Protein chains: 2
Amino acid sequence: MSQLKVRVVSRSTLKRLPLYLHLLESLADQGLQNVSCTQIAEKFDFDPTQVRKDLEATGEVGTARIGFRTVSLIVKIKEFLGWNNAHDAFLVGAGNMGKALLGYKDFDRYGLNIVAAFDKDTRKVGSRIFNREVLPLVKLPNLAKRMHINIGIVTVPAEYAQEVVDLMVVAGIKAIWNFAPAPLKIPEGVILENARLTQSLAVLTNNLTKVLGDDGKDLEKN
Amino acid sequence: MSQLKVRVVSRSTLKRLPLYLHLLESLADQGLQNVSCTQIAEKFDFDPTQVRKDLEATGEVGTARIGFRTVSLIVKIKEFLGWNNAHDAFLVGAGNMGKALLGYKDFDRYGLNIVAAFDKDTRKVGSRIFNREVLPLVKLPNLAKRMHINIGIVTVPAEYAQEVVDLMVVAGIKAIWNFAPAPLKIPEGVILENARLTQSLAVLTNNLTKVLGDDGKDLEKN
DNA sequence: CCGCTATCGAGAAACTTATATCGAGAAAAA
DNA sequence: TTTTTCTCGATATAAGTTTCTCGATAGCGG
């Protein structure tokens, strides 16, 4: 069937892998040949066993007393995450967040290549943001089909998010990265991943409220 | 002790509360007086019991056959998250992500008020971004102390993140919202929350790799 | 007025994730 | 060469989270 065997792992593991990857890349830059789970774990204050389990997902095997080959591990993680060859993506909503994503240089290293931006607002249409043209939203379906776009990024206000997503689904887009704070409905088979800043902020402000309001006991770690 | 009793809840619960809040606010706008956990759960494809357990954290109690009073629940969630009265924050790193955050209008609704931006780059210093002045980084410690700033937002490249954080800690900042993909060390008592887009992206691209490479079985839900 | 149904809240069970333990192998030190 | 130490990988235990089950309560319909 498929040449690439992708194991099913927990979402938590999946979210730690990019952390390891960043670290490994900087270690590789420093010329480090091998790296142990213990070393990695220390950087993040994780349990070494957890790191070992996480890395197991990539299929890379280590050697006792040595650890893992740094470059080899980097390749395997990227492969596992699908970051080896970039997927083309369309972005809808050329507001602040949209612009920030368009301007983010490193996405190509993360398997993402935003090829065009779309917006409803006719004043934005026609302009260029970080060298990508802003197109009218109505052009999305045809273009997405013709260019075989798999990823759609949603950076519109919450009230328009569902209609944008519906449009993307019709256009054959398989995976949606949503930045709008709205509960979205998608059909079976389409992948939806929510990147919501407010969730992260909620954890921060709740913790802060606890330490400020009280004398700061019972704080969860990390 | 403290007048506000903040229960300790799981990180997962904490991250779902903003979702409920958004929904509740739009329901309240539509004039809905009461709302049941079942209704909320349907919108997100969650288990109703989970919603009930999550809401329990806020201290609000519901009535059988009726559910919860919408407005009252909104207030309680905001209170619990510390979103009722905004905390002042400093942002360091006036790049793309920094600009996007500075331009985000709704933060005041989420208990966050970014009062100033800082940057090392002398070309950026002195300019104004969305009506906030960009100040030289060296001015941060004194200003933060004088203004009793509790929250620091880090939107600098990974290699500068640790030094920025160290500066913030010295300046008495209690909570750090980090957007840099670097493992940061902070002293006991300081809160660190990482808002990393790459983690979310990793989940997306890994899932996409699975459905594209294979015939798409064993996909995890939401 | 009396069942019927929706909903809450509490406790138990099932599931998931994280941590600890242990044996084996490989390099380094004695 | 032998011993020690580090690290992997596997298994087992513990902790945490979600889902299920149940009794109680409040409105609704007959």
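Bear in mind the structure is a predicted one, so any value in this text is a computation, not a measurement. We name chains A, B, ... by the order of the sequence lines, and we start the count at 1 in each one.
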By side-chain hydrogen bond (donor to acceptor under 3.5 Å, both in side chains) - contacts of A/Q50 (at least two apart): none
Ring pair (Phe, Tyr, Trp, His ring centres under 6.0 Å) against A/H87, all qualifying residues, sequence neighbours excluded: none
For A/R65, side-chain hydrogen bond (donor to acceptor under 3.5 Å, both in side chains) partners two or more places apart: none
Any N/O donor-acceptor pair, B/K15 side-chain to D/dT17 base, under 3.5 Å: no
Nearest-angstrom distance from the residue atom CD of A/Q50 to P of D/dA15: 16 Å
B/T70 (side chain) donor-acceptor with B/L32 (main chain) under 3.5 angstrom: yes
Whole-Å gap separating P (D/dT19) and CZ (B/F44): 15 Å
Pairwise 5' ranking along DNA chain D for A/G67 and B/R16, keeping only the more 5' one: A/G67
Sequence neighbours excluded, every pair satisfying salt bridge (charged side-chain N to carboxylate O under 4.0 Å, His left out) that has a member inside residues 167-186 of chain B: A/D45-B/K185
Sugar-phosphate, base or nothing in reach of A/T49, heavy atoms under 4.0 Å: base
Terminal helix-axis angle for the helix from C/dC1-D/dG30 to C/dA30-D/dT1, with five pairs defining each axis and rounding to 10 degrees: 0°
B/S/- contact track for nucleotides 23-30 of chain D, protein heavy atom under 4.0 Å: --BBB---
A/I40 CD1 to D/dT7 P, straight-line distance once rounded to whole Å: 11 Å
Base D/dG16 paired with B/K53 side chain (donor-acceptor, <3.5 Å): no
Among D/dC8, C/dA10, C/dA18, the one nearest A/F68 by side-chain distance: D/dC8
Separation of C/dA27 C1' from A/Q33 CD (nearest whole Å): 16 Å
Distance in angstrom units between B/D47 CG and D/dT21 P, rounded: 11 Å
B/E163: partners by salt bridge (charged side-chain N to carboxylate O under 4.0 Å, His left out), with sequence neighbours left out: B/K120
Whole-Å distance separating the CG atom of A/L55 from the P atom of D/dC8: 9 Å
Partner set under side-chain hydrogen bond (donor to acceptor under 3.5 Å, both in side chains) for B/T63, not counting sequence neighbours: none
Whole angstrom value for the distance that separates P of C/dC8 from CG of B/N34: 10 Å
Euclidean distance, A/L101 CG relative to A/F107 CZ, rounded to 0.5 Å: 5.0 Å
Results of salt bridge (charged side-chain N to carboxylate O under 4.0 Å, His left out) for A/D106 - residues two or more places apart only: A/R109
Residues that B/K76 engages under salt bridge (charged side-chain N to carboxylate O under 4.0 Å, His left out), provided they are two or more places apart: B/E60
Any residue meeting side-chain hydrogen bond (donor to acceptor under 3.5 Å, both in side chains) with B/D54, in chain and number order, not counting sequence neighbours: B/T13, B/R16, B/Y20
Contacting residues from residues 69-78 of chain B, given that a heavy atom lies under 4.0 angstrom of DNA chain C: none
Any B/R52 side-chain N or O less than 4.0 Å from OP1/OP2 of D/dT18: no
Neighbour count >12 (heavy atoms, 6.0 Å) for atom OH, B/Y160: no
Spacing between B/E56 atom CD and D/dT18 atom C1', to the nearest angstrom: 14 Å
